[in-house]
Amino acid sequence: DDPPVFPDAFNMADYFVFSNIAAGRGAKTALIFEDRAISYDEVAGNVSRVAERLLAAGLLPEQRVLLCTRDCPEFVYAWFGALKAGAVVTQVNPMLPAADYSYYLGYVKPQFAFIDETSREAFEAARRESRFCQAPGSVVLVGDGDSGDLPHFDPWIAADHPPAPPPWPTRKDDPAVWLFTSGTTGQSKGAVHAHFHFAYNSEVYARRFIGISEDDITLSGPRLYFGYATGTNLMFPFAVGATAILFREQPTPERLFDLIARHRPTVLTNVPTLIGKMLEAEAQAPDLSSLRMMWSAGEALPRDLHERWNKRFGVPIIDGIGSAESFHIYISNRPGDVRPGSLGKLVPGYEADLLGDDGMPITEGEIGVLRVRGDSAALHYHGDYAKSKRHLGGGAIVSGDLFRRDADGYWYYEGRGDDMIKSGGIYVSPLEVEACLGEHPSVLECCVFGQADANGLEKPVAIIVRREDGGDEDEIRQDLLAYARERLARYKVPHRLFFTTEPLPRNDRDKMNRKLMRELYR
Ligand code: 3SK
């Protein structure tokens, strides 16, 4: 098939939402939420109302809208509504500490934000210290709870408002969505994507390569703020007029089992950590035969875990690799062609090669840094020229991930070329965790790196050099973990703490020798 081409006048809300109405699917169920079936007509109506409301409140083209909510229909209405209005939208974890929201407010500089009960306290604490989202009505509360001085989503979209200008007529190359990724400095950077990028991958990967169709019902463990799930549990089903199941709660195995039993999804999006937990809770599993496939991405899937899953459940795991920069997956297994231990084959519509240390392409079978090209590669990282120059440009991405390709064209992940840790599917910078632990009064210095847990999944661990008068080790351990949990997102909190009184090894330029420490503390 030829690569898809999109018209110059293009808005991704039209492609993903309103095309379903034009195709006669208005009455079809788009979303299932808390046992409620929500039709494409209802979604489209609410998307239009959000767009109109934002425009009436003064939103201008390409201004930013920030979403910090759990998975729910309002997430979908606000996300596509902002896009329809011509805004640039970005979504972040609703369970972050205030310091993280301070960073996002300052970096994104949003005109509007949608928050919910989970993010409210920390977001509001950050907003009090910020210049952004200060105008009355610029922060809307979604979901349950007393909205206090904030407008509540339901009356907000229903209310009378001044006449709104028409939605801005976006072009296909206009910026649409920032997908957050982590930098080696520890601060997430927004990979800026154009409207057509999302349609491109949905067409070449979801529809053509994987075969997602109108008959599918999708469910996801990873939450919608993670680009992996924004693709598999929102954009991919909407691109073909399928149905997505949403839920607000934490994605425990019990919750997923219950939703599978009640709604019989055909496609489950998963990450290795949660696959391991579902296997541990296997005694409670219902009949999984409605599932024709389960995606795994976000971090490397250990072969042993893959085989244990196959033996117990037999639902084919479609392992693939994608990133915020590439939106979405570009190397993948596919239904009927799964090679455990491998990431599968290059998706037609993308080109890839492997580079050696000298930056030149290497020969087959050797390990090199992946360079991938395709029409969904991010334009740049917002506000980071040097990083954009290193990793992005001209439709190419040089990720820093190491790979090998065999003679049959299957690709194998060989780890990261830098020190980033991928925990629970999300990059964690060791520097950020070290900076937090280093502020604890008992810590003299510390070093954080990734280490495989009992399931072979990478988690942050820390080596702590204690102050001499620090007190009892067990007490410090408990105190330090509590300290980290208060200040860091959950997936960044170290899984294990090792204590030492020896100074940490450093190189001749005074840089910590993480490689040596990884070997010493296995
Ligand atoms: O694994 C990731 O980081 C990712 C991000 C965005 C889209 C898809 C994937 C797999």
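Order of appearance sets the numbers: ligands from 1, and atoms from 1 within every ligand.
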Peer 1: Side chain to side chain donor-acceptor pair (under 3.5 Å) for Arg70 and Thr118? Distances and angles first, verdict last.
Peer 2: CA-CA 8 Å; Arg70 289 166 294 167; Thr118 344; 2.7 Å; yes
Peer 1: Output all residues satisfying side-chain contact (heavy atoms from CB on, under 4.5 Å) with Pro265, sequence neighbours left out; order by chain, then residue number.
Peer 2: Ile217, Leu219, Ile245, Ile260, Ser290, Leu291
Peer 1: For the residue pair Tyr107 and Trp178, is the inter-centroid distance of their aromatic rings smaller than 6.0 Å?
Peer 2: yes
Peer 1: Below 3.5 Å only, please: the N or O atoms of ligand 1 paired with protein N or O atoms, distance on each line.
Peer 2:
residue	atom	partner	partner atom	Å
ligand 1	1 (O)	Lys422	NZ	3.4

Peer 1: Please list, chain by chain and in numerical order, all residues satisfying ring pair (Phe, Tyr, Trp, His ring centres under 6.0 Å) with Trp309, sequence neighbours excluded.
Peer 2: Phe313
Peer 1: Please tell me whether His195 and Phe6 form a close aromatic pair, meaning their ring centres lie under 6.0 Å apart.
Peer 2: no
Peer 1: Using the side-chain contact (heavy atoms from CB on, under 4.5 Å) criterion, which residues pair with Ser326? Sequence neighbours excluded.
Peer 2: Ser323, Tyr330, Ile397
